[in-house]
Protein chains: 2
Amino acid sequence: MKNTKREKKFSNKTIERLALYYEILITLPFKKKYISSEEIGNLAGVSPSTVRQDFLYFNEIEGKAKIGYEVTKLKEALRNIFKLNSKTHVVIVGAGSLGQAIAGYDSFKKSKVVFDSFFDNNPNKIGRLFKGIFVRDIKYLKDYLKENRRIKIVVICVPPKEAQSIVNLVVDSGIKIIWNFSPTILKVPSDILVEYEHIGVSFYRLLFKRKTIKKEIK
Amino acid sequence: MKNTKREKKFSNKTIERLALYYEILITLPFKKKYISSEEIGNLAGVSPSTVRQDFLYFNEIEGKAKIGYEVTKLKEALRNIFKLNSKTHVVIVGAGSLGQAIAGYDSFKKSKVVFDSFFDNNPNKIGRLFKGIFVRDIKYLKDYLKENRRIKIVVICVPPKEAQSIVNLVVDSGIKIIWNFSPTILKVPSDILVEYEHIGVSFYRLLFKRKTIKKEIK
DNA sequence: TAGATTGTTAATCGATTAACAATC
DNA sequence: TAGATTGTTAATCGATTAACAATC
């Protein structure tokens with residue numbers, strides 16, 4: 001059994017790995033009832049020790065010696081940790097292919113993320129449906145966010161040159177959380193949470209690793 | 001001046017930050033000739049010490065005391081480190097919105113990444129152009145990769161259930177580098193480099209941070 | 001010149017790994 | 001029961017930060 005007092009600060013890396021463990025668990029075959037820290041580690045590419053250390057921070061995660069962790073319980077615990085069981089309302093600015101890709105992303109279908117609306121400035125897109133989501137005129141974005149307080153997160157999928165002015169507007173309307181896919185650094189007040197998704201960075205990392213691989217082969 | 005002998009192993013984090021520095025540099029105003037480690041650090045959200053430590057691994061990066069780093073030189077050095085100056089041929093499997101988003105991603109327009117072709121199994125898409133790139137029938141993927149040896153990287157943008165079978169086929173045809181956007185863990189031989197882009201993981205991290213923010217406010 | 005910023009070493013901090021008693 | 005795996009502490013490893021002489 002776990003100690004009850006346990007409020008150490010966990011690192012960003014722990015959070016990232018927990019999300020990864022969750023993605024692994026949801027792709028597991030149904031018949032699998034228990035999983036050990038060793039198995040999780042193998043699938044996630046980390047040591048069993050690291051898996052157990054990550055779990056140590058959370059009282060809701062509990063395994064059984066000799067047996068491992070009950071898969072359904074572990075999944076549920078992770079869903080709670082990430083609050084995936086409560087609805088999250090989101091708006092996407094930019095109804096291009098990137099915005100559509102996010103709205104249609106597979107993992108979200110298993111969560112309670114609700115995409116309320118697209119916003120775009122392209123007259124050919126305004127009024128249409130993409131992935132079943134209505135596209136509104138971007139000039140109504142500020143009013144919409146002010147009137148629909150359930151919306152907590154805004155996703156930025158516009159070209160980098162337009163990103164900052166839209167973010168200013170979004171911040172003005174009271175939104176505190178921004179998920180930014182536009183490859184540019186945003187200036188925001190310190191109480192705003194911005195999570196960057198740098199697709200380019202991930203590709204550069206790939207190119208770099210390629211170089212080192214080639215050296216190893218020679 | 002830098003010491004010439006310098007072959008310490010740099011971490012994954014260093015590579016990631018270097019890519020981030022590069023993205024920052026390309027969004028800088030033209031008139032800016034020099035930049036200090038402090039300024040870079042502020043923009044990237046790391047300490048000046050970390051910036052200088054990262055640069056320390058690379059002899060091609062050199063600054064001037066009191067002045068800082070020459071922006072154009074620094075950009076060029078980073079382009080060399082990531083081999084962005086030589087062409088990289090890439091094929092995208094899955095011509096859905098995600099695949100299209102990658103093909104149209106802004107940062108790549110400044111690099112020499114060439115998207116040769118989409119592959120898809122949807123008859124309505126085969127033969128069409130998306131973002132100026134031709135969509136071929138997925139049944140010709142293996143032959144295409146074997147005949148066009150210039151293609152070094154395959155991007156996976158298909159639903160998770162189809163991902164593994166396509167990856168098997170790609171590996172069979174001799175490809176060594178895979179960039180996977182499908183939210184599933186892939187099984188590949190040990191000599192294959194797979195870079196995962198978990199969009200979902202990034203969103204979960206955001207949800208988690210939101211929770212801790214709320215606590216701080218209360 | 002004087003002082004700001006680099007390049008680099010040393011000190012600190014944090015994260016990962018190892019080890020092992022508890023236990024199912 | 002015996003042995004495999006957890007929960008947890010301690011040891012190790014690596015990454016970040018601090019400090020400062022060199023220098024432009």
Side-chain angles (χ1 to χ4, degrees), chain A residues 1-21 25 32-74 77-78 81 205 208, chain B residues 1-21 25 32-74 77-78 81 205 208:
Chain A
M1 224 223 285
K2 282 200 181 178
N3 288 343
T4 39
K5 277 247 181 134
R6 182 149 302 282
E7 273 301 318
K8 271 213 291 179
K9 265 281 175 231
F10 29 76
S11 71
N12 239 314
K13 282 217 154 176
T14 290
I15 298 164
E16 220 160 289
R17 280 191 301 259
L18 287 171
L20 184 58
Y21 303 154
L25 290 174
K32 188 137 185 76
K33 290 272 176 276
Y34 288 91
I35 192 164
S36 68
S37 56
E38 177 133 26
E39 289 175 286
I40 296 172
N42 283 337
L43 289 166
V46 300
S47 76
S49 243
T50 300
V51 174
R52 294 204 299 279
Q53 284 285 2
D54 287 338
F55 288 172
L56 195 53
Y57 298 118
F58 299 91
N59 289 316
E60 54 260 64
I61 298 176
E62 208 163 272
K64 287 192 185 114
K66 191 179 175 179
I67 297 166
Y69 303 86
E70 199 177 322
V71 174
T72 48
K73 270 193 181 177
L74 185 52
L78 289 168
I81 287 165
R205 196 168 49 204
F208 187 86
Chain B
M1 224 225 284
K2 282 200 181 177
N3 288 343
T4 40
K5 277 247 181 132
R6 180 151 304 282
E7 273 302 318
K8 272 213 290 181
K9 268 281 178 230
F10 28 76
S11 72
N12 240 313
K13 284 215 154 180
T14 290
I15 298 164
E16 221 161 287
R17 280 191 302 259
L18 287 171
L20 185 57
Y21 303 154
L25 290 174
K32 188 140 184 73
K33 291 272 175 275
Y34 288 91
I35 191 165
S36 68
S37 57
E38 178 134 27
E39 289 175 286
I40 296 172
N42 283 338
L43 290 166
V46 300
S47 76
S49 244
T50 301
V51 174
R52 294 205 297 279
Q53 283 285 1
D54 288 338
F55 289 172
L56 196 55
Y57 298 119
F58 300 92
N59 289 315
E60 54 260 63
I61 297 176
E62 209 163 272
K64 287 193 185 111
K66 191 180 174 177
I67 297 167
Y69 302 87
E70 198 177 324
V71 174
T72 48
K73 268 193 180 175
L74 184 52
L78 289 167
I81 286 166
R205 197 168 49 202
F208 187 86

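Nothing here was measured: the structure is a model prediction, and the numbers come from that model. Naming convention: chains lettered A, B, ... in sequence-line order (proteins, then strands); numbering from 1 in each chain.
- Distance OH (A:Tyr34) to P (D:dT6): 12 Å, rounded to an integer number of Å.
- Between A:Ser37 and A:Arg52 the shortest heavy-atom distance is OG-NH1, 3.1 Å.
- Every stem involving DNA chain D, taken as at least 3 paired positions in a row under the Watson-Crick or G-U wobble test at 3.5 Å, is listed here: C:3-24 with D:3-24.
- Counting only heavy atoms from C-beta outward, the side chains of A:Asn42 and A:Glu39 never approach each other to under 4.5 Å.
- Here the closest non-hydrogen pair linking B:Ile61 and B:Ala77 is CG1-CB, 3.9 Å.
- B:Leu18 is not listed as a side-chain neighbour of A:Phe208, based on a closest heavy-atom distance of 4.5 Å or more.
- Atom CD in A:Glu62 sits 9.5 Å away from atom OH in A:Tyr69 (nearest 0.5 Å).
- Remark: the backbone N or O of A:Tyr34 is paired with a side-chain donor or acceptor of A:Lys32 at under 3.5 angstrom.
- In this structure the side chain of B:Phe55 reaches within 4.5 angstrom of the side chain of B:Ile40, judged on heavy atoms.
- Between B:Glu39 atom CD and C:dA4 atom P there is a gap of 15 Å when expressed in whole angstrom units.
- Between B:Arg17 and B:Thr14 there is a side-chain heavy-atom pair separated by less than 4.5 Å.
- As a whole-Å value, the separation of A:Phe55 CZ from D:dT6 P is 9 Å.
- Using a 4.0 Å heavy-atom cutoff across all strands shown, A:Ser36 reaches sugar-phosphate atoms only and no base atom.
- Whole-Å rounding puts the B:Glu62 CD to D:dT23 P distance at 12 Å.
- A distance of 14.5 Å separates CD1 in B:Ile35 from CD1 in B:Ile67, rounded to the nearest 0.5 Å.
- Between B:Pro48 and A:Asn12, the residue anchored closer to the 5' end of DNA chain C is B:Pro48, taking for each the nucleotide with the nearest heavy atom.
- Nucleotide D:dA15 holds its P atom 8 Å from the NZ atom of A:Lys13, rounded to whole Å.
- For residues 64-72 of chain A, proximity to DNA chain C is found at A:Lys64, A:Ala65, A:Lys66, defined as any non-hydrogen atom under 4.0 angstrom from a strand atom.
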Please list each protein N or O that sits under 3.5 Å from an N or O in nucleotides 18-21 of chain C, with the distance.
{"residue": "C:dA18", "atom": "N7", "partner": "A:Ser49", "partner atom": "OG", "Å": "2.8"}
{"residue": "C:dA19", "atom": "N6", "partner": "A:Arg52", "partner atom": "NH2", "Å": "3.2"}

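- Rounding to the nearest 0.5 Å places CG of B:Leu56 at 12.0 Å from OG1 of B:Thr50.
- Taking atom CG of residue A:Asn59 and atom C1' of nucleotide D:dG7, one finds them 12 Å apart after rounding to whole Å.
- Here A:Ser37 lies in heavy-atom contact (under 4.0 Å) with sugar-phosphate atoms only.
- Note on B:Arg17: a side-chain N or O is less than 4.0 Å away from OP1 or OP2 of D:dT16.
- Within the 4.5 Å cutoff, the side chain of B:Asp54 has no heavy atoms near those of the B:Val46 side chain.
- Contact check for A:Leu74 versus A:Tyr21: no side-chain heavy atoms found under the 4.5 Å cut-off.
- Atoms CZ (B:Phe58) and P (C:dG7) sit 14 Å apart, rounded to a whole Å.
- One finds a side-chain N or O of A:Thr50 lying less than 4.0 angstrom from the OP1 or OP2 phosphate oxygen of C:dT17.
- Summarising the geometry, the separation between CD on A:Glu38 and P on C:dT16 is reported as 18 Å, rounded to the nearest angstrom.
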